[in-house]
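Below is one structure, written out as structure tokens, with a few remarks after it.
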Amino acid sequence: MEERILIVGGGIAGLWSALALAKSGRSVTVIERDPPAPEGEDSADLAFTDWERRGVGHLRHSHAFLARLHKHIREWHPELMQDLLAAGCREIGFVDNLPLALRETYVPAPGDEELTILTSRRTTLEFVMRRYALRQPGIEFVTDTLVRDVLTETRSGRLAVTGLVIERDGERQEWLADTVIDAAGKNSQLIDTLNEHGAGIEEKTERADILYFTRHYRLHEGMGEPERNKVPSAGDMGFMKYGVFPADNGCFSITIAVPEIEMELRKAIIRPETFDFICSQLPGVAPWTAEDRSTPVSKVYGMGELISRWRKLADDDGPRVLNFFPLGDSFIRTNPLYGRGCTFAAIEAETLVHAFDRTENPVARATLYFNNARGALRPYYSDMVKQDKAAIRRARNALDPDYRPKLRNRVIRSFAEDAITPALRGDTALLREFMRAFHMIDKPSEFLRNPGNIAKIMGVWARGKKRNARHYPPKLGPDRQEMMALLDLPATSDWERLRDAA
């Protein structure tokens, strides 16, 4: 008999799992708490302005699909790719992101097509994906429906999920299922509920200690995007990170990320006039937000409480729960700075189908899924956590007026700023290798374990700053002291607060 598969959550993770399972010939029911997407002639714009998605807190923050995910769509769902492009989503190739000096001498190499990203408003991506999913045989959506409980029983000493208690139109019903997939996102309660039933699922969390602020803009009619110049449209200034995200249908968004400890700055940046003023002070951003080129079309959206999380549902004794598979933020939650959440979800969906195709045994399925997901994703997760911890230390040190780095820290900083950065900006082949790791085509450890890459970087470092001068990025904008003064904000109060608290 055909398995009954229930997927909780119709966001990106739920869609990838539904599409993967349906492609393998299975039927699934997607249970979604929110209403359907709006339909109409201007569906993409209506989805951005009107679509209620209470379960997706980052719905209107900047999004881009990494090259690994772009490749996945082209290979697994070519019709979906055509739908996305027809809706205005953008493909941005490797050459488009090269520094100007490298672009002038760029020679395409095999594999460069794999470094293409896909970008648009998140609402457009999700709207088009859902419309495509609705056309696929075997996928059914049930919207405006809440999940209230998980049905379980004990089988051979293990907790097994047998279905869900759902609520529709105020009425509760029990829906039996052979498999439940939790794709309800970071706020999903299903694992907490299972732990109340005795599942014993563990998790480890790490704070990102950063807040995101995003505003959307639209180019004036007939106005194109600004020409790229030497100042990048994305950068890390220590006390602030920023990025411009080209989107669909003449739209783009700007996200500015601020460390949590920057209390004065984060309180000010939520105001639209402050956000726009900061953009005007960043040479890589100002041409985009100039009044004669674009106009704001949204408020400033804030997002905080960013916690990276890895949940452990299996150990040496096997899976903690049978017939239950979390995907996306319900399973592994990442810092949005790296843009890996949607890609993680697609890889998890591939891993899930592989396990389902290999065996019908519940223990074997769960073991395959969790082991393979860990092998595929843990290196990227660990690398992210390591970078986040380093960024937290840098942000704290930036507040301390008396901070003087020790020799080891000075060497590490010099290696990053005087070796890696100019080496990447001066060597297309090296940048290509770096981007393959960033976009999850290669493992993150491969870039700096390659002896050839290390030799190039060390050679650049040995040449010294003067001889590498043309490969340094131009100044991204005011330093912290200058920016705080421009915003008429106290520059030392945040450090005094931290010092007093300690």
Salt bridge flag under 4.0 Å for residues [X] and [Y]:
X	Y	answer
E126	R53	yes
K389	E206	yes
R4	E2	no
R218	E225	no
R436	E446	no
R207	E305	yes
R320	D315	yes
D357	R26	yes
E32	R130	yes

Side-chain ([X]) to main-chain ([Y]) donor-acceptor, under 3.5 angstrom:
X	Y	value
T119	P246	yes
R215	S298	yes
S17	G14	yes
N371	L368	no

Counting the benzene-type ring for Trp, do H216 and F48 have ring centres under 6.0 Å apart? yes
Is the gap between the ring centers of F356 and F325 under 6.0 Å? yes
From L6, T193, L190, D182, residue fulfilling side-chain contact (heavy atoms from CB on, under 4.5 Å) relative to V147: L190
I need the single residue from H77, R131, R135, M129 that forms a side-chain contact (heavy atoms from CB on, under 4.5 Å) with D83. Which is it? R135
Where is the tightest heavy-atom contact between [X] and [Y], given as atom of each residue plus distance?
X	Y	value
I201	N195	N-OD1, 2.7 Å
A183	I7	CB-CG2, 4.3 Å
M435	F94	CG-CE1, 4.2 Å
M440	L66	SD-CD1, 4.0 Å

Using distance alone, with no hydrogens and no angle criterion, decide if [X] and [Y] have a side-chain donor and acceptor under 3.5 Å apart.
X	Y	result
T123	R121	no
E114	H70	no
H197	T152	yes
E167	T145	no
Y217	D276	yes
D248	T124	yes

From the list F344, Y380, Y381, F370, ring-ring contact (aromatic ring centres under 6.0 Å, His included) partner of W310 resolves to Y381
[atom1]/[X] to [atom2]/[Y] distance, rounded to the nearest 0.5 angstrom?
X	Y	atom1	atom2	value
I92	L118	CD1	CG	9.0 Å
R90	N249	CZ	CG	10.0 Å
L15	L327	CG	CG	11.5 Å
E348	S330	CD	OG	9.5 Å
I332	R309	CD1	CZ	10.5 Å
R168	E171	CZ	CD	9.5 Å

Evaluate the side-chain hydrogen bond (donor to acceptor under 3.5 Å, both in side chains) criterion for residues T214 and T255: first the C-alpha distance (whole Å), next the side-chain angles of each, then the deciding distance (0.1 Å), finally the verdict. CA-CA 4 Å; T214 298; T255 291; 2.6 Å; yes
